[in-house]
Amino acid sequence: VQLQASGGGLVQAGGSLRLSCAASGRIFSSYIMGWFRQAPGKEREFVAAIRWGTGITYYADSVKGRFTISRDKAKNTLYLQMNSLKPEDTAVYYCAATTILDTTTMSWRNWGQGTLVTVSS
């Protein structure tokens, strides 16, 4: 499956953005779809994930309560609704797929090209 992320942009602190990740190809129910982010000079870090079949979600502590991951099976699209954005959320956001829940990047595949989110203070 090929993934393409979009929806990034410049937003003020406290604002909101919704990222989308469009998938071409079949996403099996066993897949876990997720979002990672990478800030300048830092390693890529886990943000959120969702089990495609059941909809069970997982979040990094840093975004819990502010971000919501969801999916639209009919559109084969993954979303990340980001509210109450902070300057430290500034990063390139990537979507990816795995069959093993892992908050490191090791087991994730099919990385999209990334979309830049910039939060100004």
Side-chain angles (χ1 to χ4, degrees):
V1 60
Q2 290 187 318
L3 304 174
Q4 183 162 349
S6 62
L10 174 63
V11 63
Q12 288 189 329
S16 299
L17 278 176
R18 188 176 82 155
L19 306 183
S20 299
C21 176
S24 58
R26 183 177 176 181
I27 303 178
F28 293 93
S29 295
S30 59
Y31 279 23
I32 301 167
M33 305 296 292
W35 291 95
F36 282 73
R37 66 186 181 187
Q38 188 165 18
K42 294 189 176 181
E43 292 190 352
R44 196 169 296 188
E45 66 174 4
F46 171 79
V47 174
I50 185 167
R51 292 189 180 272
W52 195 256
T54 63
I56 295 173
T57 58
Y58 309 87
Y59 295 95
D61 287 344
S62 59
V63 306
K64 205 171 290 184
R66 300 188 298 123
F67 291 11
T68 302
I69 188 171
S70 63
R71 88 280 197 233
D72 185 327
K73 288 185 174 181
K75 294 183 178 180
N76 235 27
T77 302
L78 177 72
Y79 301 101
L80 185 68
Q81 177 67 43
M82 305 185 295
N83 299 329
S84 303
L85 282 161
K86 305 175 181 179
E88 51 264 43
D89 294 318
T90 295
V92 177
Y93 283 70
Y94 298 89
C95 54
T98 186
T99 57
I100 303 171
L101 183 61
D102 180 4
T103 57
T104 73
T105 60
M106 285 186 61
S107 68
W108 295 81
R109 301 289 182 265
N110 310 97
W111 294 93
Q113 86 287 1
T115 185
L116 177 62
V117 172
T118 304
V119 184
S120 63
S121 56

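Given the structure is predicted, the values throughout are model-derived calculations rather than measurements. Side chains included, hydrogens not; waters and symmetry mates left out as well; all remaining heavy atoms used. Index from 1, following the sequence.
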Report all side-chain donor-acceptor pairs from residues 114-121 shorter than 3.5 Å, counting only partners two or more places apart or in another chain.
residue	atom	partner	partner atom	Å
Thr115	OG1	Gly8	N	3.0

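Tyr58 and Leu19 are members of different hydrophobic clusters when ILVMFWY side chains are connected at heavy-atom separations under 4.5 Å. Note on Val63 and Met82: same hydrophobic cluster, where clusters join Ile, Leu, Val, Met, Phe, Trp and Tyr whose side-chain heavy atoms are under 4.5 Å apart, directly or indirectly. In this structure, Trp111 is not a member of the same hydrophobic cluster as Val47, with clusters built from ILVMFWY side-chain heavy atoms closer than 4.5 Å. Transitive grouping of hydrophobic side chains (ILVMFWY, heavy atoms separated by less than 4.5 Å) keeps Val92 and Leu17 in distinct clusters. When hydrophobic clusters are built by joining Ile, Leu, Val, Met, Phe, Trp and Tyr residues whose side-chain heavy atoms come closer than 4.5 Å, directly or via intermediates, Leu78 is not grouped with Ile32.
Residue pairs that meet the side chain to side chain donor-acceptor pair (under 3.5 Å) test with at least one member in residues 78-91, sequence neighbours left out, are Ser16-Asn83, Arg37-Asp89, Arg66-Asp89, Gln81-Asn83.
Nearest heavy atom pair, residue Leu3 against residue Cys95, reads CB-SG, 3.8 Å. For Leu85 against Val11, the heavy-atom pair with the smallest separation is CD1-CG1, 3.5 Å. For the pair Thr103 and Phe36, the tightest heavy-atom approach, listed with the atom from each and the gap, is O-CE2, 3.9 Å. Across all non-hydrogen atoms, the minimal contact from Trp35 to Ala5 is CZ3-CB, 4.1 Å. In this structure, Met33 and Ile69 approach most closely via the heavy-atom pair O-CD1, 3.9 Å. Here the shortest heavy-atom pairing between Trp108 and Gly34 reads CZ3-N, 3.3 Å.
With rounding to the nearest 0.5 angstrom, the CD atom of Gln113 is 8.0 Å from the OG atom of Ser6.
A donor-acceptor pair under 3.5 Å is absent between the side-chain atoms of Ser107 and the main chain of Asp102, judged by distance alone. Remark: side-chain polar atoms of Arg51 are not paired, donor with acceptor, to backbone N or O of Ile56 under 3.5 angstrom. Using a distance-only test at 3.5 Å, with no hydrogens or angles considered, a donor-acceptor pair links the side chain of Asn76 to the main chain of Gly25.
Atom NZ of Lys73 is surrounded by more than 12 heavy atoms from other residues, nucleotides or ligands within 6.0 Å. Sparse packing is recorded around CD of Gln2, with 12 or fewer heavy atoms of other residues, nucleotides or ligands lying under 6.0 Å away.
Partners of Gln38 by side-chain hydrogen bond (donor to acceptor under 3.5 Å, both in side chains), not counting sequence neighbours, listed by chain and number: Arg44.
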Practice task
Dump the intermediate steps for side chain to side chain donor-acceptor pair (under 3.5 Å) on Ser20 and Thr77, then the final yes or no.
Solution key: CA-CA 7 Å; Ser20 299; Thr77 302; over 6 Å; no
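Inter-residue side-chain proximity for Thr105 and Phe46 is flagged as unmet; no heavy-atom pair is nearer than 4.5 Å.
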